[in-house]
Number of protein chains: 2
Amino acid sequence: MKRKNLSKAECPVARSLDVIGDWWSLLIIRDVLDGINRFSALQKNLGIARSMLTTRLQDLVDHGVLETAPASDGTAYQEYVLTKMGHGLFPVIVALRQWGEDNLYQPDEQHSVLVETQTGEPVTRLELRSRENRVLEWRDTTIRKVSSDLKP
Amino acid sequence: MKRKNLSKAECPVARSLDVIGDWWSLLIIRDVLDGINRFSALQKNLGIARSMLTTRLQDLVDHGVLETAPASDGTAYQEYVLTKMGHGLFPVIVALRQWGEDNLYQPDEQHSVLVETQTGEPVTRLELRSRENRVLEWRDTTIRKVSSDLKP
DNA sequence: AAACCTGGTCTTATTATGAGACTTCATTCC
DNA sequence: GGAATGAAGTCTCATAATAAGACCAGGTTT
């Protein structure tokens with residue numbers, strides 16, 4: 001009766017969710033992207049139980065999403081930073097953010113905005129495009145399964 | 001000691017995760033996007049416990065991501081289809097897929113591929129771009145908080 | 001040196017999850 | 001037409017995950 005293990009799934013979405021598919025992982029990653037790198041700062045900001053945070057951080061380090069580094073302020077403490085693999089989650093966070101902005105706020109409600117640092121302008125919408133640069137909707141795409149039963 | 005409620009969070013990422021942030025929801029949505037619309041088909045394909053699937057589907061319907069519809073094959077059964085809001089999750093699924101493809105497979109391992117239906121060609125990478133059409137990385141962006149303490 | 005911060009571990013109560021038996025209609029098989 | 005099977009759940013129970021908070025050992029500040 002353990003939680004399902006998706007790490008061997010044939011579907012990349014399932015494998016991703018195996019690593020970052022739980023309640024807290026993406027919130028932790030969002031915070032680290034946002035410059036919150038210390039255990040205690042994360043705990044305070046998220047309101048997560050310490051024991052949970054410990055196991056989540058450990059899992060993310062084990063999976064290669066985060067790594068520990070000496071604290072940037074010169075003290076003997078450590079901090080958690082994203083690996084290259086972890087940086088790759090940026091589009092996932094942005095996609096979640098844009099969906100939330102679109103669907104989960106009342107018209108009169110305000111929320112934080114992701115802006116381009118250089119210009120201060122809000123970023124554009126994350127879009128999937130065809131090679132001819134058309135925007136692709138869900139209906140325009142299909143999954144091509146790996147056929148393990150190729151008959152030559 | 002209930003699970004945290006993020007539905008009032010100021011951060012859109014947190015609100016999104018409040019709706020679709022658990023283990024199964026995004027897998028269900030992936031399957032529905034993929035044309036698996038019936039309760040029993042979902043249960044079989046995901047290997048999820050029936051009771052879990054019931055509550056997950058109900059939650060997604062309550063949140064407006066899915067809705068029930070009469071079965072498309074003319075039988076008296078029902079099926080679950082994505083609402084407009086649900087379709088909006090397509091970029092989230094694609095982002096997760098691409099991250100998984102990039103980071104969670106051995107070089108010699110194969111996986112399914114998302115292709116453009118018309119041409120059969122794999123879709124391009126999902127990218128965030130500036131207004132000048134440059135690709136934006138994480139380092140190029142900043143969160144602008146809503147300042148509730150504006151001093152005029 | 002005392003007080004406080006950091007990064008945890010441990011315990012306990014509550015909640016969520018997984019497996020599978022059971023149920024009620026609808027549909028298909030013979 | 002009746003039996004068997006499928007669809008879409010509900011119910012129960014054992015186990016795992018989560019939340020709160022007490023506790024603790026070193027590092028840092030005053």
Side-chain angles (χ1 to χ4, degrees), chain A residues 1-9 14 17-29 31-32 35-63 66-81, chain B residues 1-9 14 17-29 31-32 35-63 66-81:
Chain A
M1 298 161 188
K2 282 187 181 173
R3 184 179 267 189
K4 284 271 153 68
N5 179 338
L6 268 25
S7 65
K8 294 292 164 45
L17 290 173
D18 190 65
V19 177
I20 48 139
D22 74 282
W23 239 157
W24 289 112
S25 297
L26 281 172
L27 288 172
I28 292 170
I29 290 158
D31 273 10
V32 175
I36 302 177
N37 300 91
R38 300 279 280 257
F39 183 94
S40 51
L42 288 166
Q43 195 269 323
K44 210 166 298 174
N45 193 56
L46 293 168
I48 186 176
R50 290 157 172 288
S51 49
M52 281 273 79
L53 183 56
T54 301
T55 61
R56 283 291 156 268
L57 287 172
Q58 194 54 59
D59 287 353
L60 289 171
V61 169
D62 290 349
H63 278 111
L66 296 179
E67 60 191 2
T68 52
S72 50
D73 61 0
T75 59
Y77 301 124
Q78 63 177 336
E79 52 189 41
Y80 291 89
V81 296
Chain B
M1 296 160 188
K2 281 188 180 169
R3 185 180 266 191
K4 284 271 152 70
N5 179 339
L6 269 23
S7 64
K8 294 292 164 48
L17 291 173
D18 191 64
V19 177
I20 48 140
D22 74 281
W23 211 226
W24 289 111
S25 296
L26 281 171
L27 288 172
I28 292 170
I29 290 159
D31 274 10
V32 175
I36 302 178
N37 299 91
R38 301 279 280 258
F39 183 95
S40 51
L42 288 166
Q43 196 269 321
K44 208 167 298 171
N45 193 56
L46 293 169
I48 185 177
R50 290 156 173 288
S51 48
M52 281 273 79
L53 183 56
T54 301
T55 61
R56 284 290 156 269
L57 287 172
Q58 195 54 58
D59 287 353
L60 290 170
V61 169
D62 290 348
H63 278 111
L66 297 178
E67 61 191 0
T68 53
S72 51
D73 61 1
T75 60
Y77 301 122
Q78 61 176 338
E79 52 189 40
Y80 292 88
V81 297

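All heavy atoms count here, side chains included; hydrogens, waters and symmetry mates do not. So you know, we letter chains A, B, ... as the sequences are listed, proteins then strands, and number each from 1.
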**OP:** Please list, chain by chain and in numerical order, all residues satisfying side chain to side chain donor-acceptor pair (under 3.5 Å) with A:T68, sequence neighbours excluded.
**Re:** none

Original post:
In residues 46-53 of chain A, what residues come within less than 4.0 Å of DNA chain C, judged by heavy atoms?
Top reply: A:R50, A:S51

**OP:** Classify the nucleic acid contact of B:Q43 as base, sugar-phosphate or nothing, counting any heavy atom under 4.0 Å across all strands shown.
**Re:** nothing

Subject >> Set of residues satisfying salt bridge (Lys or Arg N to Asp or Glu O under 4.0 Å) with respect to B:R56, sequence neighbours excluded >> reply: B:D22, B:D59

So which protein nitrogen or oxygen atoms get under 3.5 Å of nucleotides 26-30 of chain C's nitrogens or oxygens?
unit_1: C:dA26; atom_1: O4'; unit_2: B:Y77; atom_2: OH; d: 3.4
unit_1: C:dT27; atom_1: OP1; unit_2: B:A76; atom_2: N; d: 2.7

Original post:
Bend across the helix from C:dA1-D:dT30 to C:dC30-D:dG1, to 10°, with axes taken over 5 pairs at each end?
Top reply: 30°

**OP:** Figure out the CG/P separation between A:D22 and D:dA16, and round it to whole Å.
**Re:** 18 Å

Original post:
Considering residues at least two apart in sequence or located in another chain, which fulfil the side-chain contact (heavy atoms from CB on, under 4.5 Å) criterion with A:A9?
Top reply: A:A14, A:R15

Original post:
With sugar-phosphate meaning primed atoms plus P, OP1 and OP2, does A:T54 contact a base, only sugar-phosphate, or nothing at under 4.0 Å between heavy atoms?
Top reply: base

**OP:** Look at the side-chain N and O atoms of A:W24 and state whether any lies under 4.0 Å from the OP1 or OP2 oxygen of D:dA19.
**Re:** yes

**OP:** Go through the structure and list residues passing side chain to side chain donor-acceptor pair (under 3.5 Å) with A:S7, not counting sequence neighbours.
**Re:** A:N5

Original post:
Among all residues two or more places apart in sequence or in another chain, which pass the side chain to side chain donor-acceptor pair (under 3.5 Å) test with A:T54?
Top reply: none

Side-chain donor-acceptor pairs under 3.5 Å in residues 41-51 of chain A, sequence neighbours left out?
unit_1: A:Q43; atom_1: NE2; unit_2: A:I48; atom_2: O; d: 3.0
unit_1: A:N45; atom_1: ND2; unit_2: A:D31; atom_2: OD1; d: 3.3
unit_1: A:N45; atom_1: ND2; unit_2: A:D31; atom_2: OD2; d: 2.6

**OP:** Only counting residues at least two apart or in another chain, list the ones meeting side chain to side chain donor-acceptor pair (under 3.5 Å) with B:D18.
**Re:** none

Original post:
Sequence neighbours excluded, which residues qualify as salt bridge (Lys or Arg N to Asp or Glu O under 4.0 Å) partners of B:D62?
Top reply: none

